[in-house]
Amino acid sequence: MLVLSFIREHQDRVIAGLKTRNYPDEELAIVDRIIALDDQRKATQKQLDDLLAEGKQLSKQIGALYKSGQRAEGDQLKAKVAEAKAASGQLQEQLQSVKAELEQTLLALPNVAHPSVPAGNTDEDNEVYQDWTEAFPELPASALPHWELAKKYQIFDLELGTKLTGSGFPLYRGKGAKLQRALINFFLDEAHAAGYEEIIPPHLVNADSARGTGQLPDKEGQMYHVTLDELYLIPTAEVPITNMYRGDILAEGDFPIKLCGYTPCFRREAGSYGAHVRGLNRVHQFDKVEIVQIEHPDRSYDTLQAMLQHVEGLLQKLELPYRILRLCGGDLGHTSALTFDFEVYSLAQKRWLEVSSVSNFETYQSNRMKLRYRGADKKTHLAHTLNGSALALARIMASLLENHQTPEGIRIPAALQAYTRFELLN
RNA sequence: GGAGGAGUGGCAGAGCUGGUUGAAUGCACCGGUCUUGAAAACCGGCGUGCGAGAAAUCGUACCGGGGGUUCGAAUCCCUCCUCCUCCGCCA
């Protein structure tokens, strides 16, 4: 959610940001509508406050009159208060409905795209920011996609997952389960070495948390919803971890707050079927280590760079060829100002797989969750929030299997061997 | 799951037989006096949001959340949430 005063002062930037996101001209009026609603809100608030002040004064007078035994005079004043009360009740309703509409409109307004965000509509328009292809493997013509390798080496079983739960819930077994666990520990240790505190958060969150990071209302249908208890299964550790600071006022010295956490992630992924989602390419439950930072606004873009480097280091140690994309306006998430996606090339599938998304949300999330800090000026300001996958397991597993396959089995990269305790998965 | 108790400012803790209490007091914190410096002592300040104002400041809302009673509620009523104690169940 954008800050109202920012929208008022920088309408041009807000509109430019919408254009980067390919908003049609007729929808740009949303900015004017928001300002009009806010004007209305302010005027109503003023009227209401004045009326309440009047009623409050009268009530005090009545109290004083009663105390001094002038009951009759006090009772006379009651009629006047009743009038003011009726009027204020109406205003209160007005105010509430204006606020509700304003809130709803404001939620519909996406974050202002960073100036570096390229124009474009689809993922085809994303800009290749950087790539690392040293690790491109030479694969024999007989190279198999990961779902075939999984069968060959008993790494994971999708049919069993379907039997137990439904499609898209993989079951890992044997060395596959060990590899999964090794990757999680490797990622956590790397994050720890980079100064991130490890968190094990709850895997279900309440609606306030889901709203804080922007899953509600924007992505309501994408989360699993436990209606009996009004809870949501987390789609990413970003949700509980960032919300740890919801409503807090930090000191400037608290920055940077660096947190990481492993959790399973649950996503309904409604409506996505077909060849491109085979195997582990898109599943309803996958494991991920997430890194989250809460930063001073002056430093958040440096921090974003540092997070990119961290993720790069992981992929290099796993010896996987990757590229970094700067998402274009059309592909940029609603809440993000700037996002870099990491994709790993899978030779066996002959396609890039998204394995990480690193974003700066600036104040968009912190405004929703009222995450502030006290500046040198003693006033409160919104902090910046950032997060990134470091890394998402299912697709890393897929590309690891495919890119490191040999006739003898799957070669485990050196950095990972200390965790798997085996060099070859066969 | 059952019975009882409780949720007040950064913390501790009054108020809870309704009336100028945004809220005593202590601690913490910030500024000042004193001091070579520090401590102590003393003086002053010290919540958040919204609105009005150039500003000083003023208005308004907030004492777990929501609703109600009343001219007026931190104080009374309803409801939900959370915590504590006891009982039950249990990895």
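Keep in mind that what you see is a predicted model, and the values were worked out from it rather than measured. Each chain gets a letter, A, B and so on, in the order the sequences are listed, and its residues count up from 1.
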Looking only at atom C1', what distance separates B:C27 and B:A14, rounded to whole Å? 15 Å
Start at the 5' end of RNA chain B and walk down; is the nucleotide closest to A:K99 or to A:E54 reached first? A:K99
Identify the nucleotide, in any strand shown, that forms a Watson-Crick or G-U wobble pair with B:G49, with both distances under 3.5 Å; if there is none, say none. B:U60
Pair partner, B:G10 [Watson-Crick or wobble, under 3.5 Å]: B:C27
Within less than 4.0 Å of OP1 or OP2 of B:G51, is there a side-chain N or O belonging to A:R41? yes
Nearest 0.5 angstrom please: A:R326 CZ to A:H114 NE2, how far? 8.0 Å
Position toward the 5' end of RNA chain B (nearest nucleotide), A:A64 or A:L48: A:A64
Examine A:K175 relative to A:F422 and say whether NZ or CZ is less than 6.0 Å from the centre of the six-membered ring and inside a 45° cone about the ring axis. yes
Nucleotide paired to B:C83 in any strand shown, Watson-Crick or G-U, under 3.5 Å: B:G5
Hey, does A:K80 reach any base, or is it just sugar-phosphate, or nothing, if we go heavy atoms under 4.0 Å? nothing
Are A:Q365 and A:T385 close enough that a side-chain donor and a side-chain acceptor fall under 3.5 Å? yes
Measuring only the C1' atom in each nucleotide, how far is B:A23 from B:A73? A whole number of Å is fine. 13 Å
Will you find, in the side chains of A:Y301 and A:E362, an N or O donor that is under 3.5 Å from an N or O acceptor? yes
Span that lies between the P atom of B:U48 and that of B:A56, in whole angstrom: 15 Å
Taking only nitrogen or oxygen atoms into account, show me every contact under 3.5 Å that the protein makes with nucleotides 67-72 of chain B, one pair per line with its distance.
residue	atom	partner	partner atom	Å
B:C71	O2'	A:S59	OG	2.8
B:G72	OP1	A:K85	NZ	3.4
B:G72	O4'	A:S59	OG	3.3

Between A:T263 and A:K288: side-chain donor-acceptor atoms closer than 3.5 Å: no
Using purine N1 to pyrimidine N3 plus N6-O4 or O6-N4 for Watson-Crick, or N1-O2 and O6-N3 for G-U wobble, each under 3.5 Å, what pairs with B:U70? none
Complementary nucleotide of B:A41, counting Watson-Crick and G-U pairs under 3.5 Å: B:U33
Give me the distances for all protein-to-nucleotides 45-49 of chain B N/O pairs that come in under 3.5 Å?
residue	atom	partner	partner atom	Å
B:U48	OP1	A:R374	NH1	2.8
B:U48	OP1	A:R374	NH2	2.6
B:U48	O3'	A:R372	NH1	3.0
B:G49	OP1	A:R372	NH1	3.2
B:G49	OP1	A:T380	OG1	2.8

Verify whether the ring centers belonging to A:Y262 and A:F187 lie closer than 6.0 Å. no
Could you check, using the six-membered ring where one of them is a Trp, whether A:F361 and A:H384 have ring centers closer than 6.0 angstrom? no
Ring centres under 6.0 angstrom apart (A:Y224, A:Y232): no
Whole-Å P distance, B:G2 and B:A61: 38 Å
Ring centre gap for A:F266 and A:H203 strictly below 6.0 Å: no
